[in-house]
Amino acid sequence: MPSSVVENNFRENRLPHIWCPGCGHGILMRSIAVAIEELGLDKDNVCVVSGIGCSSRASGYLDFNTLHTTHGRAIPFATGVKFANPDMHVIVVTGDGDCTAIGGNHLIHACRRNIDITTIVFNNNIYGMTGGQYSPTTNTNDFATTAPYGNIDKPFDICELSKGAGASFVARGTAYHAKQMIDYIKKGIVHKGFSIIEGMSLCPTYYGRKNKKGSAVALMNMLKDNYVDVALKDKLPEEKLENKQFYGIFRNEKMPEYTEEYKKIINRVK
């Protein structure tokens with residue numbers, strides 16, 4: 001990472017971070033910092049909001065206006081910031097549990113409102129910070145501390161969920177596809193409306209160990225091998241798509257933005 005990215009975007013006195021060796025969250029956090037650096041945003045006009053969990057520690061390391069809020073409530077806190085200052089770039093950093101379990105209702109309503117917030121979900125398919133419980137994105141039959149005999153739930157597809165709820169920009173990257181992740185975050189930030197970028201991460205400590213997935217390198221190779229660019233979906237033969245997941249941009253549409261629509265009501269009342 002260029003030293004300027006660290007100096008301009010991180011609280012160096014808070015480093016090194018606390019994430020386990022091999023965790024993918026550091027790569028995803030770097031993607032946010034590089035995206036902001038490459039966009040040339042005024043750091044005083046950026047606010048990073050997080051909830052609770054491994055992912056949500058990122059707000060403490062990033063040197064912007066930051067809020068480390070309560071479990072599942074990052075999006076409503078961010079909504080308040082956006083209403084107070086509609087010109088500010090508001091970025092939510094959240095995890096799969098924080099965002100789609102206790103925070104799931106907030107997610108779907110932010111999507112349907114199309115408020116101009118960029119939400120980045122660090123998805124490692126597990127509750128990493130609190131002991132390795134299964135999350136709404138843990139795959140069926142996978143193991144966790146709260147599913148010692150296998151998880152019987154079907155996992156959420158965060159991108160499909162967000163599309164269905166009305167988000168106007170939806171994308172997925174991975175810790176392996178780091179360059180693409182930076183690009184998706186940049187596009188999400190400049191998009192006028194609710195943007196959600198899912199970043200597939202890896203947790204060797206809880207998810208990998210419980211499911212005998214091997215080392216952090218093996219988990220990273222799984223991201224490399226299992227994810228295919230959605231742009232190739234209609235170009236590859238079916239056998240090459242079997243059991244594959246997709247990264248890429250799934251929706252990028254222009255829709256009325258919530259704070260702008262709200263301002264129209266205020267102006268009419270005046």
side-chain contact (heavy atoms from CB on, under 4.5 Å) assessment of F10 paired with M29: CA-CA 10 Å; F10 286 92; M29 180 173 67; 3.5 Å; yes

S59/V93 under side-chain contact (heavy atoms from CB on, under 4.5 Å): CA gap, chis, key distance, verdict: CA-CA 7 Å; S59 62; V93 178; 6.0 Å; no

What verdict does the side-chain contact (heavy atoms from CB on, under 4.5 Å) test give for Y61 and L15, after you've listed the backbone C-alpha separation in whole Å, the side-chain angles of each residue and the deciding distance to 0.1 Å? CA-CA 7 Å; Y61 302 124; L15 299 173; 4.1 Å; yes

Yes or no on side-chain contact (heavy atoms from CB on, under 4.5 Å) for F77 and V90, after CA distance, side-chain angles and deciding distance? CA-CA 10 Å; F77 274 92; V90 181; over 6 Å; no

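Note on I75 and I108: same hydrophobic cluster, where clusters join Ile, Leu, Val, Met, Phe, Trp and Tyr whose side-chain heavy atoms are under 4.5 Å apart, directly or indirectly. Both L28 and I189 are members of a single hydrophobic cluster when ILVMFWY side chains are connected at heavy-atom separations under 4.5 Å. Hydrophobic clustering (ILVMFWY, side-chain heavy atoms < 4.5 Å, transitive): F122 and I18 are in one cluster. Note on V228 and V230: same hydrophobic cluster, where clusters join Ile, Leu, Val, Met, Phe, Trp and Tyr whose side-chain heavy atoms are under 4.5 Å apart, directly or indirectly.
At least one side-chain heavy atom of L107 sits under 4.5 Å from a side-chain heavy atom of I196. Annotation: side chain of N124 is in contact with side chain of D96 (closest heavy-atom distance under 4.5 Å). Side-chain contact between M200 and Q245: absent, with no pair of heavy atoms (C-beta onward) separated by less than 4.5 Å. With a 4.5 Å cut-off on side-chain heavy atoms, E12 and V6 count as touching. In this structure, I120 and M181 have side chains that are in contact, with non-hydrogen atoms separated by less than 4.5 Å. The shortest distance between side-chain heavy atoms of K244 and L232 does not fall below 4.5 Å. Here the side chains of V190 and F169 are not in contact, with every heavy-atom distance at 4.5 Å or above. Side-chain atoms of I249 and Y184, non-hydrogen and from C-beta on, do get closer than 4.5 Å to each other.
Taking CD1 of I197 as the start and CD of Q180 as the end, the distance is 14.0 Å to the nearest 0.5 Å. Taking CG of L161 as the start and OG1 of T100 as the end, the distance is 8.0 Å to the nearest 0.5 Å. Between atom CD of residue E257 and atom CG of residue N114 there is a gap of 6.5 Å, rounded to the nearest 0.5 Å. Interatomic distance, K224 NZ to N226 CG, rounded to the nearest 0.5 Å: 12.0 Å. Note that CD1 of I182 and CD1 of I36 are 11.5 Å apart. Values are rounded to the nearest 0.5 Å. With rounding to the nearest 0.5 Å, the separation of OH in Y134 from CG in D153 is 4.5 Å.
Distance alone, capped at 3.5 Å, places no donor-acceptor pair between the D98 side chain and the G53 backbone. A donor-acceptor contact shorter than 3.5 Å links the side chain of S50 to the backbone of S56. For N45 (side chain) and D87 (main-chain N/O), a donor-acceptor pair under 3.5 Å exists by modelled atom type. Within the 3.5 Å criterion, the main-chain N or O of T138 finds no donor-acceptor partner in the side chain of N125. Within the 3.5 Å criterion, the main-chain N or O of T205 finds a donor-acceptor partner in the side chain of R209. Using a distance-only test at 3.5 Å, with no hydrogens or angles considered, no donor-acceptor pair links the side chain of S135 to the main chain of G97. The main-chain N or O of S168 is never found under 3.5 Å from a side-chain atom of K254 such that the two would form a donor-acceptor pair. Within the 3.5 Å criterion, the main-chain N or O of L62 finds a donor-acceptor partner in the side chain of R11. A donor-acceptor pair is defined here as one N or O able to donate and one able to accept, closer than 3.5 Å; no such pair exists between the side chain of W19 and the backbone of G24. Using a distance-only test at 3.5 Å, with no hydrogens or angles considered, no donor-acceptor pair links the side chain of T174 to the main chain of L223.
Enclosure of atom OH in Y227 by more than 12 non-hydrogen atoms of other residues, nucleotides or ligands within 6.0 angstrom is indicated. The number of heavy atoms from other shown groups lying within 6.0 Å of CD (E238) does not exceed 12. Within a 6.0 Å sphere centred on OH of Y176, other residues, nucleotides and ligands contribute 12 heavy atoms or fewer. The environment of NZ in K43 is crowded: more than 12 heavy-atom neighbours from other residues, nucleotides or ligands sit within 6.0 Å. Within a 6.0 Å radius of CG in N267, other residues, nucleotides and ligands contribute more than 12 heavy atoms. Heavy atoms of other residues, nucleotides or ligands lying less than 6.0 angstrom from CD1 of I152 number 12 at most.
A side-chain donor from one of N123 and T137 sits under 3.5 Å from a side-chain acceptor of the other. Judged by distance alone, the side chains of S201 and H25 do bring a donor and an acceptor atom under 3.5 Å apart. Residues T118 and H89 bring no donor and acceptor atom of their side chains to less than 3.5 Å of each other. No side-chain donor from either of T79 and R113 sits under 3.5 Å from a side-chain acceptor of the other.
Using a cut-off of 4.0 Å between Lys/Arg side-chain N and Asp/Glu carboxylate O, K187 and D183 are scored as salt-bridged. A salt bridge does not link K235 to D229: none of the charged nitrogens lies less than 4.0 Å from a carboxylate oxygen.
Applying the 4.5 Å side-chain rule to ILVMFWY residues, one finds M129 in the same cluster as I52.
Looking at residues two or more places apart in sequence or on another chain, you find a side-chain contact (heavy atoms from CB on, under 4.5 Å) between N65 and C47, M88. For D142, the salt bridge (charged side-chain N to carboxylate O under 4.0 Å, His left out) test picks out no residue, with sequence neighbours left out.
Relative orientation of the Y127 and H71 rings is perpendicular, given thresholds of 30° and 60° on the angle between their planes. Under the 30°/60° scheme for interplanar angles, the aromatic rings of Y262 and F83 are found to stand perpendicular.
No cation-pi contact links K163 to F250, judged by a cut-off of 6.0 Å to the six-membered ring centre and 45° from its axis.
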